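Read through the structure below, which is laid out as structure tokens, and then see the notes.
Predicted model only: the values in this text are computed from it and were never measured. Atom set for the values below is all heavy atoms of this structure, side chains included, hydrogens, waters and symmetry mates excluded. Throughout, a chain's letter reflects where its sequence line sits, starting with A, and its residues are numbered from 1.
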Amino acid sequence: MEKDLEKQLQIIGMGTEDILTMKELEIIVGDSIIKNNPLKVKLGLDPTAPDIHLGHTVVLNKLRQFQDLGHNAVLIIGDYTARIGDPSGRSSLRPELSNKEIDRNAKTYMKQAFKILDPEKTELVKNSEWLKNLSFEDILGLTSRFTVARMLERDDFKKRFKGNLPIAIMEFMYPIMQAYDSVAVEADVELGGTDQRFNLLMGRELQKDMGQKPQIAVTMPILAGTDGTEKMSKSLGNYIGVSEKPSEIFGKVMSIPDNIMTDYFKLLTRLRPEEIFDIEEDIKKGSANPSIAKRKLSRIIIEYLYSSDDAEKAEKEFDLIFKRKEIPEDIEKFNLKGKIAGNSRIWIVKLLVDSGMAKSNGEARRLISQGAVKINGKKVEDENLELEIDSLNEKILQRGKRHFKKIMTV
RNA sequence: GGAGGAGUGCCCGAGUGGUCAAAGGGAGCAGACUGUAAAUCUGCCGGCGCAGCCUUCAGAGGUUCAAAUCCUCUCUCCUCCA
């Protein structure tokens with residue numbers, strides 16, 4: 001375990017939005033160092049979707065940092081809570097998920113989460129283990145500890161209440177269940193996104209009420225997506241999935257706007273705080289080329305998710321395509337054979353559509369007129385071009401800078 | 001149950017009888033530039049072997065030489081009242 005209190009606090013604090021309360025954290029960490037007794041750091045994940053993206057890894061990274069400092073993670077799979085769905089930030093009730101879906105999601109979710117976490121220091125539990133055994137009486141007991149007024153302090157509930165939108169009583173149960181999770185695992189610290197602040201605080205209150213030491217709530221900011229403004233989300237299409245190919249991740253990270261780069265360093269890497277400050281300074285002063293820092297960022301992220309080998313390969317491929325404008329090594333093949341019926345020639349527009357390079361003839365024509373189409377590096381100028389099929393085998397069809405297909409005719 | 005409002009291209013949103021394949025923005029794609037797939041600038045952005053034609057403005061009918069625009073019905077959403 002890291003014995004230096006200052007250092008621990010600095011690492012824990014890196015990138016956080018809020019720590020409630022800092023004072024308590026100092027005491028509890030100091031205590032754990034003296035007694036050599038690792039803290040129990042809780043993180044609850046609701047498997048409501050099968051895949052996670054970098055936005056989800058922000059809290060996972062923080063948890064990993066705790067582990068690297070010598071603490072233990074308690075990862076709670078919210079299989080029970082997922083059925084209801086966290087109403088945080090929601091303006092309406094969300095549809096219930098089936099148990100089957102939840103189990104399936106939980107599987108892929110965990111696999112992806114352990115790309116970040118240290119399994120040796122992770123206790124994995126499902127909250128159905130304790131929640132499903134509560135009797136109605138137990139639940140009444142729990143609900144009596146909370147008030148409607150307190151619930152309505154939460155912004156999204158307040159808005160809905162004022163706006164005369166429905167709030168199901170069940171939705172009030174969500175924060176209570178999450179709070180009870182903290183009691184069940186006796187958490188010392190709970191991590192969550194800023195949207196979780198209310199729920200984390202409820203955990204504190206319930207623990208106090210039930211005679212436990214209240215957990216410290218550590219909240220992390222919401223990660224911006226590749227567009228640099230909206231939060232990262234699948235539906236906005238600005239996400240980087242942890243299961244994407246390394247080369248894809250590399251490119252996507254390189255495409256984030258420069259001004260959110262330091263946020264990415266703080267939230268997605270586990271570099272030492274001094275290193276991050278240095279990078280930040282360099283960028284501010286303009287003394288270092290931002291693209292070099294961004295390359296480093298891309299490599300680190302791929303290293304965490306895959307390996308340093310994969311990171312290196314991804315970077316090489318990136319250079320190949322963008323720096324030297326060459327053709328990458330592994331190109332998706334496209335079998336033309338099935339698409340042709342007895343003809344010996346094919347119209348270039350048709351070839352583009354058949355290979356999936358263009359959605360319609362119109363788009364194909366457009367691409368040609370914009371000078372975006374190349375065959376083996378040679379620009380196609382004429383949209384009426386007819387090609388001998390036999391001459392096309394293994395030729396590289398290119399659209400724009402970064403889309404390649406190898407044509408196979410055998 | 002009653003009164004009123006709204007539904008337009010991937011998204012937001014203008015358009016109230018012809019000049020509308022439909023302004024503007026965003027997203028996307030391409031080109032230039034560069035330090036990158038950043039930023040910036042430019043072009044494209046329904047379909048069709050495309051100087052022409054075809055199908056679009058919630059859905060179905062109707063009026064008209066002509067409809068996103070007018071009428072009728074249906075569906076969906078919102079606001080107010082009970």
Side-chain angles (χ1 to χ4, degrees), chain A residues 54 91-93 159-160 162-166 224-241 244-265 279 282-302 311 314-328 339-340 343 345-374 379-387 397-405:
Chain A
L54 290 185
S91 54
S92 59
L93 191 61
K159 273 195 195 129
R160 277 204 260 164
K162 277 193 179 157
N164 293 318
L165 293 164
T226 49
D227 58 348
T229 47
E230 298 294 328
K231 74 166 191 179
M232 183 173 283
S233 90
K234 197 163 187 178
S235 52
L236 291 172
N238 60 356
Y239 71 105
I240 304 175
E244 292 190 66
K245 282 195 307 196
S247 58
E248 201 59 27
I249 295 174
F250 197 95
K252 282 191 179 181
V253 175
M254 288 305 279
S255 84
I256 63 168
D258 291 352
N259 60 41
I260 62 166
M261 220 193 324
T262 49
D263 286 340
Y264 270 49
F265 268 108
I279 291 168
D282 280 350
I283 293 170
K284 255 192 224 150
K285 282 187 298 192
S287 59
N289 190 326
S291 78
I292 291 172
K294 221 188 262 180
R295 276 167 187 276
K296 184 170 184 176
L297 176 65
S298 305
R299 277 198 310 269
I300 295 170
I301 289 170
I302 296 168
E315 183 169 18
K316 266 190 194 153
E317 189 171 323
F318 184 84
D319 283 342
L320 204 64
I321 300 174
F322 299 105
K323 259 193 147 164
R324 289 188 260 134
K325 304 203 167 169
E326 282 171 26
I327 292 164
K339 304 274 183 187
I340 42 172
N343 295 323
R345 323 180 81 198
I346 185 163
W347 180 34
I348 179 67
V349 168
K350 195 131 183 53
L351 179 65
L352 285 164
V353 174
D354 285 352
S355 63
M357 289 296 215
K359 282 200 276 293
S360 65
N361 289 10
E363 190 182 8
R365 285 167 192 276
R366 237 175 278 133
L367 289 164
I368 294 166
S369 70
Q370 290 179 134
V373 178
K374 287 178 185 167
K379 198 186 278 180
V380 173
E381 315 263 9
D382 178 12
E383 63 176 47
N384 293 314
L385 184 67
E386 299 267 349
L387 297 150
L397 182 64
Q398 183 178 353
R399 184 198 102 205
K401 291 187 181 71
R402 40 190 279 253
H403 299 277
F404 303 89
K405 285 262 165 87

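- Scanning all heavy atoms of the two residues, the minimum distance from A:M357 to A:H403 falls at CE-O, 3.5 Å.
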Please tabulate, one pair per line, each protein N/O and nucleotide N/O from nucleotides 43-46 of chain B that are separated by under 3.5 Å, including the distance.
from: B:G43; atom 1: N2; to: A:Q370; atom 2: OE1; distance (Å): 2.8
from: B:G43; atom 1: N3; to: A:Q370; atom 2: OE1; distance (Å): 3.4
from: B:C44; atom 1: O2'; to: A:R366; atom 2: NE; distance (Å): 3.3

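- Of the candidates A:L297, A:N238, A:D227, A:L297 is the only one forming a side-chain contact (heavy atoms from CB on, under 4.5 Å) with A:I256.
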Would you tabulate the nitrogen or oxygen pairs shorter than 3.5 Å linking the protein to nucleotides 24-26 of chain B?
none

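- On the P atoms, B:A66 is 35 Å away from B:C77, given to the nearest whole Å.
- As a whole-Å value, the separation of A:R295 CZ from B:A37 P is 10 Å.
- A donor-acceptor pair is defined here as one N or O able to donate and one able to accept, closer than 3.5 Å; no such pair exists between the side chain of A:Y264 and the backbone of A:S298.
- Remark: the separation of the P atoms in B:C65 and B:A58 is 24 Å, to the nearest Å.
- Contact annotation for A:P290: base contact, defined as any heavy-atom pair under 4.0 Å involving a base atom.
- B:A3: Watson-Crick or G-U partner is B:U79, with both key distances under 3.5 Å.
- Taking atom C1' in both B:G28 and B:C45, one finds a spacing of 8 Å when rounded to whole Å.
- The NZ-P distance, from A:K252 to B:U36, rounds to 21 Å in whole Å.
- Counting non-hydrogen atoms under 4.0 angstrom, A:I292 reaches nothing in the nucleic acid.
- Of all heavy-atom pairs spanning A:S355 and A:L397, the tightest one is OG-CD2, 3.5 Å.
- In terms of phosphate contacts, A:R399 brings no side-chain nitrogen or oxygen within less than 4.0 Å of OP1 or OP2 of B:C29.
- Shown here, B:U64 forms no base pair; nothing in the strands shown gives a Watson-Crick or G-U wobble contact with both key distances under 3.5 Å.
- Judged by the 6.0 Å distance and 45° axis criteria, A:K252 is positioned over the aromatic ring of A:Y239.
- Taking the P atom of each, B:U72 and B:G4 are spaced 13 Å apart, rounded to whole Å.
- Spacing of P atoms, B:A21 relative to B:U56, comes out at 13 Å, to the nearest Å.
- The residue A:E315 sits apart from the nucleic acid: no heavy atom pair falls under 4.0 Å.
- B:G25 and B:C41 have their P atoms separated by 12 Å, given to the nearest Å.
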- Task: Output, in order, the C-alpha distance, side-chain angles, deciding distance and verdict of side-chain contact (heavy atoms from CB on, under 4.5 Å) for A:F250 and A:R295.
- Result: CA-CA 8 Å; A:F250 197 95; A:R295 276 167 187 276; 4.3 Å; yes

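- Using C1' as the reference atom, B:A14 and B:C29 are 25 Å apart when rounded to the nearest Å.
- The distance between atom CG of A:L367 and atom C1' of B:A30, rounded to the nearest whole Å, is 7 Å.
- Proximity of A:I368 to A:L352: side-chain heavy atoms (C-beta onward) are separated by under 4.5 Å at one or more points.
- Spacing of P atoms, B:A38 relative to B:G31, comes out at 12 Å, to the nearest Å.
- Residues satisfying the salt bridge (charged side-chain N to carboxylate O under 4.0 Å, His left out) criterion with A:R299, sequence neighbours excluded, are A:E315.
- Within the shown strands, nothing qualifies as a pairing partner of B:U16 under the Watson-Crick or G-U definition with both distances less than 3.5 Å.
- For A:S255, the side-chain atoms get nearest to B:A37 when compared with the rest of B:A37, B:G31, B:U36.
- The heavy-atom pair separating A:I279 from A:F265 by the smallest distance is CD1-CE2, 3.7 Å.
- Straight-line distance from the CE atom of A:M261 to the C1' atom of B:G35: 10 Å, rounded to whole Å.
- Using the Watson-Crick or G-U wobble rule with both distances under 3.5 Å, B:C29 pairs with B:G43.
- Of all heavy-atom pairs between A:K294 and A:D258, the closest is NZ-OD1, 2.9 Å.
- Map A:N384 and A:E363 each onto its nearest nucleotide of RNA chain B; the residue landing nearer the 5' end is A:E363.
- As a whole-Å value, the separation of A:K294 NZ from B:A37 P is 10 Å.
- When each of A:G371 and A:E383 is assigned the nucleotide of RNA chain B bearing its nearest heavy atom, the one mapping closer to the 5' terminus is A:G371.
- Distance A:E244 CD to B:A37 P: 18 Å, rounded to the nearest Å.
- Here B:C50 presents its P atom at 7 Å from CZ of A:R365, a figure rounded to the nearest Å.
- A donor-acceptor contact shorter than 3.5 Å links the side chain of A:Q398 to the backbone of A:G400.
- Nucleotide B:A22 forms no Watson-Crick or G-U wobble pair with any nucleotide shown, as no partner meets the under 3.5 Å limit on both distances.
- In this structure, A:G400 reaches the sugar-phosphate backbone alone: every heavy-atom distance under 4.0 Å involves primed, P, OP1 or OP2 atoms, never a base.
- With salt bridges taken as basic N to acidic carboxylate O contacts below 4.0 Å, none links A:K405 and A:D354.
- Regarding A:K401, its NZ atom lies at a distance of 14 Å from the C1' atom of B:A38, rounded to whole Å.
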